[in-house]
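Remember, it's a predicted structure, so these values are computed and weren't measured experimentally. Indexing begins at 1, ligand by ligand and atom by atom, following the structure's order. Scope of the values below: all heavy atoms of this structure, side chains included, with no hydrogens, waters or symmetry mates.
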Amino acid sequence: MYKHLQERYAPRPPVNVATLERMKADGEKIAAITAYDSSFATLVDDAGVDVVLVGDSLGMVIQGHDTTVPVTLQDVIYHCKAVAKGLYRPFLMADMPFMTYATREQALENAVRLMQEGGAKMVKLEGGGGQVEIVDFLASHDIAVCAHLGLKPQSVHKVGGFRVQGREQAAAEQMLKDAKALEAAGADVVLLECIPAALGQHITAELHVPVIGIGAGPDTDGQILVLYDVLDITAGRKPKFSKNFMVGRDSALDAVKAYVEEVKSHAYPGPEHCF
Ligand code: KIV
């Protein structure tokens, strides 16, 4: 019997794009988290997470940089390979690092490497209207794509810091327009970072594809957090939207289980985590 047929009839079959679409349709929240190695990949899988992102946040939490800009494709492939080995059920998404998708051809070549060498099932790129053509090209080659809007950490030097995006009406309208254009181009998932909760709700309601938020309010179809924030390992000032799930728990597994449970039950994020 083919492995994929065995998996289809398993009690908890692996998550894929169709699973995420069904979850949006059913109103079941998607619990996503980052991971960078095999041990944590297995732990977050055991905790019931639906989507795992090998984020370029690894540049900050693993490599000690101030931004994600120095992260290379090879770095993400290295960590993605390790994570893929530890996962069974969650859907594995990998970030395309800074300047690895500047042209359509470069984006395709690098997305293929993330999938073939890293084991990713979906690639994520930070994009506005300028990336519509790239998303369209990847989608036309049947590559699953997540478009990341709102705060785009790879643009930190251009934007002038890590700050909430889409507060002004014109910026909010542009973000909605970009999200719709990216969806029409073939994005399978949209990720919204650090935007007002009302805008997160509006964009989620307007899109057909699942929307995952980080600091985008309670009404997106799912939530994602950086694993090290959930476990309170990150040093220094924490973003307003993050939550330390280690409080009252004595294991990393219990903390990630609590995160999943709070996302699913709509308990996280609370008003104190929103803009
Ligand atoms: O790199 C990352 O971890 C991310 C999340 C913050 C969504 O893009």
For the residue pair H273 and Y268, does the interplanar ring angle fall in the parallel (under 30°), tilted (30 to 60°) or perpendicular (over 60°) class? tilted
For ligand 1, find out whether one of its N or O atoms is nearer than 3.5 Å to an N or O atom of K124. yes
With nothing but distance in play, are any N or O atoms of Y36 less than 3.5 Å from an N or O of ligand 1? no
Against heavy atoms of G55, which atoms of ligand 1 measure under 4.0 Å? 1 (O), 2 (C), 3 (O)
heavy-atom search around atom 6 (C) of ligand 1 in the protein gives I214 CD1, 3.7 Å
List for me each residue that meets side-chain contact (heavy atoms from CB on, under 4.5 Å) alongside D75, sequence neighbours excluded, and say none if there are none. L58, Q63, V71, T72
Of all the non-hydrogen atoms in the protein, which one sits nearest to atom 4 (C) of ligand 1, and at what distance? L53 CD2, 3.5 Å
State, without any angle test, whether S265 and E262 hold a side-chain donor-acceptor pair at a distance under 3.5 Å. no
Is D95 in polar range of ligand 1, meaning some N or O pair under 3.5 Å apart? yes
CD on Q154 to CZ on F98, rounded to 0.5 Å: 7.5 Å
I'd like to know if the side chain of Y228 pairs up with that of S57 as donor and acceptor (distance under 3.5 Å, no hydrogens or angles considered). no
The atoms of ligand 1 lying under 4.0 Å from a heavy atom of H148, numbered in the order shown, are 8 (O)
Answer side chain, backbone, both or neither: which part of T34 comes under 4.0 Å from ligand 1, heavy atoms only. side chain
For the pair T19 and N16, evaluate side chain to side chain donor-acceptor pair (under 3.5 Å) and give the outcome as yes or no after the intermediate values. CA-CA 5 Å; T19 319; N16 55 35; 2.9 Å; yes
Minimum-distance protein heavy atom relative to atom 2 (C) of ligand 1: S57 OG, 3.3 Å
Would you tabulate the side-chain donor-acceptor contacts of residues 105-121 under 3.5 Å, counting partners in other chains and residues two or more places apart, or write 'none'?
{"from": "Q106", "atom 1": "OE1", "to": "A102", "atom 2": "N", "distance (Å)": "2.8"}
{"from": "Q106", "atom 1": "NE2", "to": "M99", "atom 2": "O", "distance (Å)": "3.0"}
{"from": "N110", "atom 1": "ND2", "to": "T100", "atom 2": "O", "distance (Å)": "2.8"}
{"from": "N110", "atom 1": "ND2", "to": "Q106", "atom 2": "O", "distance (Å)": "3.2"}
{"from": "R113", "atom 1": "NE", "to": "E117", "atom 2": "OE2", "distance (Å)": "2.7"}
{"from": "R113", "atom 1": "NH2", "to": "Q74", "atom 2": "OE1", "distance (Å)": "2.9"}
{"from": "R113", "atom 1": "NH2", "to": "E117", "atom 2": "OE1", "distance (Å)": "3.2"}

